[in-house]
Amino acid sequence: MKRLLTIVGARPQFIKAAAISHVISEKYAEQISEDILHTGQHYDDTMSGRFFTELDIPLPKYNLGVGSGTHGTQTAEMLKGIENIILSNHYDGVLVYGDTNSTLAGALAASKLHLPVYHVEAGLRSFNRNMPEEINRILTDHVSSLLFAPTQTAVQNLRDEGFTEDRIIFSGDVMLDNVLHYSSLSTFHSPLHSFILATIHRDFNTDHPERLKNILSALNTIADKYDTKILFPIHPRTKKQLQNFNLQFSIHNFQFTEPLSYLDTLGALQQATMVFTDSGGLQKEAYFCGKPCVILRPETEWVEIVDDGAALLADADPDRILEAAKKLWNTGPSLPTAFGDGHAAEKIIKKIITY
Ligand code: UD1
């Protein structure tokens, strides 16, 4: 029996972990056991606790309660806590997801203690080192033993950085597994008749009043022009900054809500006309649910969606946002082919068991 330590900390990681935990408990419980360590990076119930209940993920065995802080402080606290737990237990490997500070701390602590690190969502690159996530991804990949790449672009990025073939596994994307599994389970009822779904949480958008203002006013114009409303689940960071910058918006077009649960997000996606976001995960979920997406960033790691014509990059530029909305407004769904076959989690677990 292999003992796996799974490290999570931020909202998208709880969602990704659900896919893997389910496969373990349903099919491989004899071969592998999993303990979950929550760093505490996200701590509000709407950003953390409720995902464990809703997605039926085993409760974390450990919670470091690290909370918010500067990148250095937050990562250092996690590193210390994770190292302690690894030293006082016997694990055969550590599983980390994506590109957050929790990912980096887990990978770094484990690799220094000579434990194999398994990285789910490896090989993603924006080629923009101003993003904290880009630094986290690069460093995590380089200390990982097995790199589970969700797309062929990710595989190629790893080859270009000199990784050998024995470390690279094209697994497909566990987020596609999840969308296929959970889509029909949503009971979300939108408060709005016709709406676009919008989210913003990246520091380069929330921490610059001009960018934040430009995005929100472009969305407002779109709502007027297309006679629709904007459903805007609001991330705690964005909420704080809207207050700090005293940004007022034409409230009649915006329906601000607390962050949505995972099932509600899938329900909202199914009912929305279109999506505007700077989130990587939501870009993909929009695509998997057949909804066009305007990406509020200068670049994306998920280039396949743009290549397929289902999303457009618009950054925080109002003209580009309006132009992208116009181009995509009547785009029909396309069939995602680049993200695997919906069985990524099983491929990953099988590989870890035999590693
Ligand atoms: C983190 C990840 C990002 C991921 C996102 C998903 C890093 C560097 N970034 O960004 O890649 O897309 O999670 O949401 O790891 N806050 C609360 N309550 C919470 C969580 C956050 O109030 O439960 C507030 C705090 O003021 C905090 C701010 O949000 O300072 C930012 O949180 P943090 O975890 O540092 O980064 P995210 O922006 O959530």
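Start at 1 with the first residue, then count along the sequence. The figures here come from the full heavy-atom set of this structure, side chains too, leaving out hydrogens, waters and symmetry mates. For ligands, and for the atoms within them, numbers begin at 1 and follow the listed sequence. This one's a predicted model, so the numbers in the text were calculated from it and none came from an experiment.
- Which of Thr206, Thr100, Thr199, Asp203 comes nearest to atom 2 (C) of ligand 1 through a heavy atom is settled by distance: it is Thr100.
- A donor-acceptor contact shorter than 3.5 Å is absent between the side chain of Gln156 and the backbone of Gln152.
- What sits closest to atom 26 (O) of ligand 1 on the protein, heavy atoms only, is Lys240 NZ, 2.2 Å.
- Of the protein's non-hydrogen atoms, Glu133 OE2, 2.7 Å is the one closest to atom 11 (O) of ligand 1.
- Near Asp99, the atoms of ligand 1 lying under 4.0 angstrom from a non-hydrogen atom of the residue are 11 (O).
- For atom 18 (N) of ligand 1, the closest heavy atom belonging to the protein is Asp44 OD2, 3.1 Å.
- In terms of protein heavy-atom proximity, atom 25 (C) of ligand 1 is nearest to Ser68 OG, 3.2 Å.
- No option in Arg202, Arg237, Lys240 other than Arg237 meets the salt bridge (charged side-chain N to carboxylate O under 4.0 Å, His left out) test with Asp207.
- Ion pairing between Glu301 and Arg137 holds under the 4.0 Å rule for side-chain N and carboxylate O.
- Counting only heavy atoms from C-beta outward, the side chains of Phe276 and Ile196 approach each other to under 4.5 Å.
- Applying side chain to side chain donor-acceptor pair (under 3.5 Å) to Asn136 and the options Asn101, Thr75, Asp141, Asp99 leaves one that passes, Asn101.
- The single protein non-hydrogen atom nearest to atom 17 (C) of ligand 1 is Tyr43 OH, 3.1 Å, given as residue, atom name and distance.
- Listed by number with element, the atoms of ligand 1 under 4.0 Å from a non-hydrogen atom of His71 are 8 (C).
- Taking the six-membered ring where the residue is Trp, Tyr91 and Tyr62 present perpendicular rings, their angle passing 60° and hence far from 30°.
- Among the atoms of His201, some N or O lies under 3.5 angstrom from an N or O of ligand 1.
- Taking CG of Leu242 as the start and OG1 of Thr206 as the end, the distance is 9.0 Å to the nearest 0.5 Å.
- Distances from ligand 1 to the non-hydrogen atoms of Pro12 include at least one value under 4.0 Å.
- Ion pair Asp173/Lys284 flagged as a salt bridge, since at least one NZ, NE, NH1 or NH2 atom sits closer than 4.0 Å to an Asp/Glu carboxylate oxygen.
- Annotation: the span from Ile234 atom CD1 to Thr257 atom OG1 amounts to 8.5 Å, rounded to 0.5 Å.
- Ranking the protein heavy atoms by distance from atom 35 (O) of ligand 1 puts Gln74 NE2, 3.8 Å first.
- In His42, the parts holding a heavy atom less than 4.0 Å from any atom of ligand 1 are both the side chain and the backbone.
- Here the shortest heavy-atom distance to atom 31 (C) of ligand 1, taken over Met47, Arg237, Gln41, belongs to Arg237.
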